[in-house]
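The structure appears right after this line, and notes come after that.
By convention here, the first residue in the shown sequence is residue 1. Note that the structure is a prediction, hence the values are computed from the model and not measured.
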Amino acid sequence: MRYVLLLAFIPVLIIALYVYKRDVYQKEPLSALIKAFAGGMCSAVVVLLIGTLFDLSGIDIQSNVFLRAFVSAALIEEGTKFFFLYKLFWRSKDFDERFDGIVYAVFVSLGFAFVENVLYIYQDINNAESIAYARAISAVPAHALFAIAMGYGMGMAKFSRKNSTVLLTYGLLSAVFIHGTYDFLLMFADELNSTNESFSAFISMLFYVFVILMWVAGFKRMKKLSEEDRWKL
């Protein structure tokens, strides 16, 4: 079990350290970062409970690839993470810079990703290393990029006198859209692979283009909020 936890935690730690380093003006206290990470872990448990409720109620959102991507994954997961992020940090005294929105959102998402990693690895312990490596270069960074979009909106909203609700909504919907599109392209390509390999390859190409765009947008959002904070010093 220790080996599983280590494999699940290493990619999470790397991204956490990177984002922490990017917060160059006023570092967040360790206690707040631990709280954000723990909130993300709790959000993963809540998502599991919501999934169980759907199963018990007979509501099927898994058989349709669009619903599975945009509702089961994107809306429920990002909505739950947003709930914990908002409740834990919106009124926190430690949330005193725009970039803090990104820091806290990413740490919440990494708590979620850690629990998800453990579950995926533990379910197929014989292939633990290959699953861990695959998620280290795909799912874990993706969760962080979804969180950057959410945290960008929250960081802007925190210091906006007029448009805080609009910006908060923008942050949440941006994360849902990016997450849903990411999962939809990946799932759709996999679903098509057995029936139409050419179209599946095209969708896969779109997926990789979209991933590149996610990275570009993520770095731009971090740079913009960091510069905003610099000018407010």
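Applying the 6.0 Å contact sphere to NZ of K27 captures more than 12 heavy atoms from other residues, nucleotides or ligands. Atom CZ of F159 has more than 12 heavy atoms from other residues, nucleotides or ligands within 6.0 Å.
Contact between E77 and S72 at its shortest, heavy atoms only, is CG-O, 4.2 Å. For M214 against I178, the heavy-atom pair with the smallest separation is SD-CG2, 3.1 Å. Counting all heavy atoms, side chain and backbone alike, Y20 lies closest to E28 at CE1-O, 3.8 Å. Across every non-hydrogen atom of R135 and P141, the tightest pair is O-CD, 3.8 Å. The two residues A149 and S174 have their closest heavy-atom pair at CB-CB, 4.0 Å. For the residue pair S43 and T80, the shortest heavy atom distance occurs at O-CG2, 3.6 Å.
No donor-acceptor pair closer than 3.5 Å links the side chain of S164 to the backbone N or O of S160. For K158 (side chain) and W90 (main-chain N/O), a donor-acceptor pair under 3.5 Å exists by modelled atom type. S226 contributes no side-chain N or O that, together with a main-chain N or O of K223, makes up a donor-acceptor pair within less than 3.5 Å. D100 places a side-chain N or O within 3.5 Å of a backbone atom of D96 that can act as its donor or acceptor partner. Without hydrogens or angle criteria, N64 side chain to L67 main chain gives a donor-acceptor distance under 3.5 Å. S200 places a side-chain N or O within donor-acceptor distance of the main-chain N or O of A189, the cut-off being under 3.5 Å. Checking side-chain atoms of D229 against main-chain N and O of F99 turns up a donor-acceptor pair under 3.5 Å. A donor-acceptor distance shorter than 3.5 angstrom exists from the side chain of S57 to the backbone of L53, with no hydrogens or angles considered.
Taking 4.5 Å as the limit, every side-chain heavy atom of L173 sits out of range of all side-chain heavy atoms of F177. Between V46 and F84 there is a side-chain heavy-atom pair separated by less than 4.5 Å. Between L119 and L48, some side-chain heavy-atom pair lies under the 4.5 Å cut-off. Considering only heavy atoms from C-beta on, N117 comes within 4.5 Å of P11 through its side chain. The shortest distance between side-chain heavy atoms of R22 and F219 falls below 4.5 Å. Contact check for F70 versus T181: side-chain heavy atoms found under the 4.5 Å cut-off. Two residues are said to be in side-chain contact when any heavy atoms from C-beta on lie closer than 4.5 Å; L168 and M154 meet this criterion.
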Audit row: E97, D23, side-chain contact (heavy atoms from CB on, under 4.5 Å) steps and yes/no: CA-CA 10 Å; E97 293 179 309; D23 187 16; 3.4 Å; yes
Intermediate values then yes/no, side-chain contact (heavy atoms from CB on, under 4.5 Å), I212 and Y208: CA-CA 6 Å; I212 293 171; Y208 290 115; 5.5 Å; no
Evaluation steps, side-chain contact (heavy atoms from CB on, under 4.5 Å), between F82 and V176: CA-CA 10 Å; F82 179 85; V176 170; over 6 Å; no
side-chain contact (heavy atoms from CB on, under 4.5 Å) assessment of E197 paired with F202: CA-CA 9 Å; E197 291 186 4; F202 174 72; over 6 Å; no
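In this structure, I102 CD1 and F107 CZ are separated by 13.0 Å, a value rounded to the nearest 0.5 Å. Taken to the nearest 0.5 Å, the CZ atom of F95 stands 7.5 Å off from the CG atom of L85. Here CD of E78 is found 8.0 Å from CG of L172. Values are rounded to the nearest 0.5 Å. Between the CE atom in M187 and the CD1 atom in I203 there is a gap of 14.5 Å [rounded to 0.5 Å]. Rounding to the nearest 0.5 angstrom, the gap separating the NZ atom in K81 from the CG atom in L110 is 9.0 Å. Interatomic distance, Y25 OH to R98 CZ, rounded to the nearest 0.5 Å: 12.5 Å.
A chain of hydrophobic side-chain contacts below 4.5 Å, direct or via other Ile, Leu, Val, Met, Phe, Trp or Tyr residues, connects Y104 to L17. Both L225 and Y18 are assigned to one and the same hydrophobic cluster, defined by single-linkage of ILVMFWY side chains at heavy-atom distances under 4.5 Å. Residues V108 and V45 fall into different hydrophobic clusters, defined by Ile, Leu, Val, Met, Phe, Trp and Tyr side chains chained together at heavy-atom separations under 4.5 Å. Taking hydrophobic clusters as Ile, Leu, Val, Met, Phe, Trp and Tyr residues chained together by side-chain heavy-atom distances below 4.5 Å, L75 shares a cluster with F66. L13 and L145 end up in the same hydrophobic cluster when Ile, Leu, Val, Met, Phe, Trp and Tyr side chains are linked at under 4.5 Å.
Ring pair H143/F146 is perpendicular by interplanar angle, where above 60° counts as perpendicular and below 30° as parallel. Between F114 and F37, the ring planes are tilted. Angles from 30° to 60° get that label.
Ring centroid separation for the pair Y182 and F210 does not come in under the 6.0 Å cut-off.
K35 forms a cation-pi arrangement with F89, by the criterion of a distance under 6.0 Å to the ring centre and an angle within 45° of the ring axis.
In this structure, K224 does not pair ionically with E227, as no charged nitrogen and carboxylate oxygen lie closer than 4.0 Å.
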